[in-house]
Amino acid sequence: MNKPQPETLQLNCDTFGGHAAHWKILTQTPEQEVSLWLHQALDTASSPMGLCQTEADLPTDVWLLNGLHSTIQIAQIVTVENNRPQCLKTAFPIFQSPYQFNAKIARILACPTSHEAVLQVELENGSVIYGYDTLYAVNQQQYRADTCYTIEIAAWAYELEAVPNKETMLIEDAAAIRHHRALNDILAQHHGETPDNLQECLAAWQPQSPEDEMPVTLDISKMVAYLYGDTLGQEDEAWFQGDIVGKGNIQFMDKILTFYDVAIMREDKITPIILRLIAPEQTKAFEIGDYIRGNLWIQFKIYVTNTP
């Protein structure tokens with residue numbers, strides 16, 4: 001028996017926003033260069049299959065065309081009628097990333113008219129990551145609920161900055177202070193391991209002295225954090241802080257761009273989530289081991305169902 005599709009919420013395309021800001025990561029003059037790139041990409045375009053096993057599985061009302069023989073490519077979504085192209089709905093840059101993780105699709109935020117979607121995916125520990133689905137145009141009928149997929153993750157970065165050394169944050173909220181003190185005590189009692197009944201332990205914890213209720217100063221300079229966007233349909237626009245574990249250069253047209261491999265999630269009992277991000281040309285250079293933060297447009301590609 002076929003599994004149902006994941007929960008899908010259909011949104012107005014205006015909710016997603018456009019790709020103008022994303023093109024500006026590649027060029028400071030998108031109005032002059034992007035249209036030329038689109039034409040060049042069509043000369044070498046091919047249609048990815050995604051999760052489709054045969055051409056018969058592909059949608060008949062849309063084409064997804066990926067072009068340019070390079071690490072960075074251009075994707076174009078074209079509506080089709082009677083096997084003839086009708087209208088370019090949207091176009092966006094993509095690139096190949098070596099990083100993947102396994103997750104289930106919890107929810108799909110989709111725009112039917114442009115064949116675009118943002119996926120909410122859930123890791124085995126319940127953590128959630130959102131990403132723009134670069135293969136949704138071909139995969140839209142293939143996704144199934146309660147199915148684990150191997151997901152390639154990449155990102156385009158804006159406004160990156162170095163995290164100052166020894167940067168601190170003062171916690172004065174009573175509930176946050178309690179949570180911090182309780183968590184530290186519980187981890188210490190369990191030799192640094194998170195107990196299976198963590199929530200019960202947190203609820204049962206009680207302060208042992210007045211100091212346990214005093215404000216807490218945290219060193220956040222070595223923090224790894226990911227916050228997805230708070231606008232419906234734009235959760236793929238995220239904020240992060242993390243450490244650089246790899247670095248290199250990618251050429252696109254006449255431009256040399258820098259990529260960074262960065263951890264955005266390090267949590268107990270799961271493999272760290274690392275993604276490759278590309279930064280604009282004018283971005284200040286960072287080095288492996290540095291902690292950086294900024295805004296990301298996260299992209300997913302799903303080719304593989306990860307069956308146990």
Side-chain angles (χ1 to χ4, degrees), residues 17 19-30 71-72 92-101 123 127-132 152-173 176 180 183-184 215-231 234-252 254-268 270-300:
H19 294 295
H22 305 146
W23 287 114
K24 288 183 179 178
I25 296 172
L26 280 175
T27 172
Q28 297 182 51
T29 55
T71 302
I72 297 175
F92 48 89
I94 59 175
F95 70 94
Q96 298 169 18
S97 168
Y99 294 102
Q100 301 175 335
F101 64 95
L123 306 178
S127 296
V128 165
I129 303 178
Y130 286 84
Y132 179 87
E152 180 183 314
I153 184 170
W156 300 88
Y158 326 69
E159 302 169 6
L160 294 179
E161 65 176 14
V163 179
N165 193 33
K166 301 298 183 183
E167 184 176 45
T168 60
M169 177 176 66
L170 181 65
I171 299 178
E172 298 181 284
D173 177 76
H180 174 78
L183 183 60
N184 277 358
V216 177
T217 300
L218 297 180
D219 182 345
I220 60 171
S221 61
K222 306 301 181 188
M223 177 180 71
V224 173
Y226 155 78
L227 298 174
Y228 54 79
D230 57 6
T231 299
Q234 298 180 33
E235 291 90 343
D236 51 333
E237 302 282 353
W239 179 90
F240 85 102
Q241 178 173 306
D243 53 316
I244 299 172
V245 299
K247 176 183 178 181
N249 293 321
I250 296 177
Q251 183 168 357
F252 177 73
D254 59 345
K255 308 170 192 302
I256 302 295
L257 302 165
T258 301
F259 70 78
Y260 297 100
D261 298 337
V262 180
I264 65 165
M265 191 178 288
R266 293 187 186 276
E267 295 188 0
D268 226 16
I270 65 166
T271 303
I273 300 299
I274 296 173
L275 59 72
R276 175 161 293 178
L277 64 83
I278 291 180
E281 280 186 296
Q282 63 272 26
T283 301
K284 172 190 171 183
F286 306 105
E287 301 303 328
I288 294 175
D290 289 348
Y291 279 74
I292 59 174
R293 61 187 171 208
N295 297 319
L296 299 175
W297 179 41
I298 295 178
Q299 295 181 330
F300 292 159

side-chain contact (heavy atoms from CB on, under 4.5 Å) evaluation trace for Arg266 with Asp243
CA-CA 10 Å; Arg266 293 187 186 276; Asp243 53 316; 2.9 Å; yes
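Residues passing the ring pair (Phe, Tyr, Trp, His ring centres under 6.0 Å) test with Tyr158, sequence neighbours excluded: none. Qualifying side chain to side chain donor-acceptor pair (under 3.5 Å) partners for Gln251, counting only residues two or more places apart in sequence or in other chains: none. Looking at residues two or more places apart in sequence or on another chain, you find a side chain to side chain contact (heavy atoms under 4.5 Å, CB included) between Thr231 and Gln234. Judged as a side chain to side chain donor-acceptor pair (under 3.5 Å), and not counting sequence neighbours, the contacts of Glu161 are Arg293. Under the ring pair (Phe, Tyr, Trp, His ring centres under 6.0 Å) criterion, Phe259 pairs with no residue at all, not counting sequence neighbours. In this structure, the side chain to side chain contact (heavy atoms under 4.5 Å, CB included) partners of Pro280, at least two apart in sequence or on a different chain, are Ile25, Gln282, Thr283. For Arg276, the side chain to side chain donor-acceptor pair (under 3.5 Å) criterion is met by Asp261, not counting sequence neighbours. Applying the side chain to side chain donor-acceptor pair (under 3.5 Å) test to Asp290 and every residue at least two apart in sequence or in another chain returns nothing. Taking Lys247 as the reference, Thr258, Tyr260, Ala285, Glu287, Ile288 meet the side chain to side chain contact (heavy atoms under 4.5 Å, CB included) condition, with sequence neighbours excluded. For Ala154, the side chain to side chain contact (heavy atoms under 4.5 Å, CB included) test picks out Phe95, Ser97, with sequence neighbours left out. Residues satisfying the ring pair (Phe, Tyr, Trp, His ring centres under 6.0 Å) criterion with Tyr291, sequence neighbours excluded, are absent altogether.
To the nearest 0.5 Å, the span separating CG on Leu275 from CD1 on Ile153 amounts to 5.0 Å. Atoms CD1 and CE, on Ile274 and Met265 in that order, are 12.5 Å from each other to the nearest 0.5 Å.
Shortest non-hydrogen contact noted between Tyr132 and Asp236 is CB-OD2, 3.3 Å. Here the closest non-hydrogen pair linking Trp239 and Ala225 is CZ3-CB, 4.0 Å. In plain terms, the two heavy atoms of Pro215 and Leu170 that are nearest each other are CB-CD1, 4.0 Å. Taking each heavy atom of Ala176 and Ile171 in turn, the nearest pair found is CB-CG2, 3.6 Å. For the residue pair Thr27 and Thr29, the shortest heavy atom distance occurs at OG1-N, 2.9 Å. Residues Leu160 and Ala279 share a closest heavy-atom pair of CD1-CB, 3.8 Å.
Of the candidates Ile264, Ile273, Val128, Ile264 is the only one forming a side chain to side chain contact (heavy atoms under 4.5 Å, CB included) with Tyr226.
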Just distance, no hydrogens or angles: give the donor-acceptor pairs under 3.5 Å from side chains in residues 216-223, sequence neighbours left out.
residue, atom, partner, partner atom, Å
Asp219, OD1, Ser221, N, 2.9
Asp219, OD1, Ser221, OG, 2.6
Ser221, OG, Lys166, N, 3.3

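Residues Asn249 and Leu257 have side chains not in contact (no heavy-atom distance under 4.5 Å, counting atoms from C-beta outward). Within the 4.5 Å cutoff, the side chain of Val262 has no heavy atoms near those of the Val245 side chain. By the 4.5 Å heavy-atom criterion applied to side chains, Leu277 and Phe240 are counted as neighbours. Within the 4.5 Å cutoff, no side-chain heavy atoms of Trp23 are placed close to those of Trp156. In this structure, the side chains of Ile72 and Ile278 come closer than 4.5 Å at one or more pairs of heavy atoms.
When ring centroids are compared, Tyr228 and Tyr130 come within the 6.0 Å threshold.
Atom CD of Glu281 is surrounded by more than 12 heavy atoms from other residues, nucleotides or ligands within 6.0 Å.
When only modelled atom types and interatomic distance are considered, His22 and Gln299 share no side-chain donor-acceptor pair under 3.5 Å.
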